[in-house]
**Student:** 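Just dropping this structure here.
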Amino acid sequence: MITVDMRDRKPIYEQLIENIRTLAVQGHLKPDEHLPSVRVLAAELAINPNTIQKAYAELERQNVIYALPGRGNFISPDIGAVAKQEKERQLHMLDAQIRLAKNAGAKKEEIQALLDAAYEHDAR
């Protein structure tokens with residue numbers, strides 16, 4: 001489930017953060033679910049363990065995961081609060097982009113068509 005794209009210009013640790021955060025927020029990774037160890041995930045993805053550790057540290061800072069010494073890393077039981085915060089952040093950014101598009105001359109129908117297309121794409 002956890003993937004990275006070696007051809008992507010985005011740093012691998014950022015891809016990992018985004019990927020794990022998305023999987024957790026969308027419910028694919030459940031609260032208190034055990035994540036692969038740094039070594040196992042590094043071997044699976046063929047990347048440096050320090051990269052995994054850096055991503056896990058940032059996810060812990062963001063309250064997406066928590067660590068238990070000697071046991072590993074787990075999805076936060078408060079992932080619902082993180083998901084709500086992420087949704088609010090994304091809606092705020094979307095609002096700002098819609099206002100910019102409107103100010104640039106985009107019509108409501110054009111914006112609605114993009115919204116409809118985005119939801120149709122997800123339904124497939």
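Atom set for the values below is all heavy atoms of this structure, side chains included, hydrogens, waters and symmetry mates excluded. Starting from 1, each residue takes its place in the sequence as its number.
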**Student:** Run the salt-bridge test on D5 and R7 with the 4.0 Å N-O cut-off and return the result as yes or no.
**Tutor:**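 A salt bridge is present here (some side-chain N lies under 4.0 Å from a carboxylate O).
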**Student:** So, the side chain of Q15 versus the backbone of K10: is there a donor-acceptor pair under 3.5 Å, distance only?
**Tutor:**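 Yes: the side chain of Q15 pairs with the backbone of K10.
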**Student:** Calculate, to the nearest 0.5 Å, the distance between atoms NE2 and CD belonging to H92 and Q97 respectively.
**Tutor:**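 It is 10.5 Å, given to the nearest 0.5 Å.
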**Student:** Output, in order, the C-alpha distance, side-chain angles, deciding distance and verdict of side chain to side chain contact (heavy atoms under 4.5 Å, CB included) for L45 and L16.
**Tutor:** CA-CA 10 Å; L45 300 175; L16 286 168; 3.7 Å; yes
**Student:** Would a distance-only check, ignoring hydrogens and angles, find a side-chain to backbone donor-acceptor pair under 3.5 Å from D95 to L91?
**Tutor:**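 Checking the backbone N and O of L91 against the side chain of D95, no donor-acceptor pair under 3.5 Å is found.
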**Student:** Quick check: does any side chain N or O of H34 sit under 3.5 Å from a backbone N or O of R71, one acting as donor and the other as acceptor?
**Tutor:** yes
**Student:** Would you say V64 and S76 make side-chain contact, with heavy atoms under 4.5 Å?
**Tutor:** no
**Student:** Roughly how far apart are I111 CD1 and K102 NZ, rounded to 0.5 Å?
**Tutor:**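 Rounded to the nearest 0.5 Å, the CD1-NZ separation comes to 8.5 Å.
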**Student:** Transitively linked via ILVMFWY side-chain contacts under 4.5 Å: M6 with I52?
**Tutor:**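 Yes, M6 and I52 fall within the same hydrophobic cluster.
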**Student:** Run the side chain to side chain contact (heavy atoms under 4.5 Å, CB included) check on Y56 and L35 step by step: do they pass?
**Tutor:** CA-CA 10 Å; Y56 278 5; L35 290 169; 3.7 Å; yes
**Student:** Stepwise, does the side chain to side chain contact (heavy atoms under 4.5 Å, CB included) test hold for N63 with D78?
**Tutor:** CA-CA 8 Å; N63 296 319; D78 297 327; over 6 Å; no
**Student:** What are the two closest non-hydrogen atoms of V38 and P49, and how far apart are they?
**Tutor:**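 Heavy atoms only, the tightest pair is CG1-O, 3.3 Å.
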**Student:** Once the angle between the rings of Y66 and F74 is folded into 0 to 90°, is it parallel (under 30°), tilted (30 to 60°) or perpendicular (over 60°)?
**Tutor:**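 Correct class here is parallel.
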**Student:** Assigning hydrophobic clusters by single linkage (Ile, Leu, Val, Met, Phe, Trp, Tyr; side-chain heavy-atom cutoff under 4.5 Å), is M1 placed with L59?
**Tutor:** yes
**Student:** Which atoms form the tightest heavy-atom contact between E86 and R21, and what is the distance?
**Tutor:**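 Between these two residues, the closest heavy atoms are OE1-NH2, 3.2 Å.
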**Student:** If I take atom CG from residue D8 and atom OG1 from residue T3, how far apart are they, to the nearest 0.5 angstrom?
**Tutor:**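 D8 atom CG to T3 atom OG1 measures 10.5 Å (nearest 0.5 Å).
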**Student:** For E14, does the CD atom sit with more than 12 other heavy atoms under 6.0 Å from it, leaving out its own atoms?
**Tutor:** yes
**Student:** Begin with the C-alpha distance, continue with both residues' side-chain angles, and end with the deciding distance and a verdict on side chain to side chain contact (heavy atoms under 4.5 Å, CB included) for I17 and Q62.
**Tutor:** CA-CA 10 Å; I17 292 167; Q62 295 177 7; 4.1 Å; yes
**Student:** Can you tell me how far the CG atom of L29 sits from the CD1 atom of I75, to the nearest 0.5 Å?
**Tutor:** 4.5 Å
**Student:** Strictly distance-based, threshold 3.5 Å: is any side-chain N or O of E110 a donor or acceptor partner for the main-chain N or O of K107?
**Tutor:** yes
**Student:** Mind checking the CG-CD1 spacing from N73 to I65? Nearest 0.5 Å is all I need.
**Tutor:**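 Atom-to-atom, N73:CG and I65:CD1 are 4.0 Å apart.
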**Student:** K30 vs E33, test: salt bridge (Lys or Arg N to Asp or Glu O under 4.0 Å). Steps then yes/no.
**Tutor:** CA-CA 5 Å; K30 305 293 184 207; E33 185 172 336; over 6 Å; no
**Student:** To the nearest 0.5 Å, tell me how far I47 CD1 sits from N50 CG.
**Tutor:** 10.5 Å
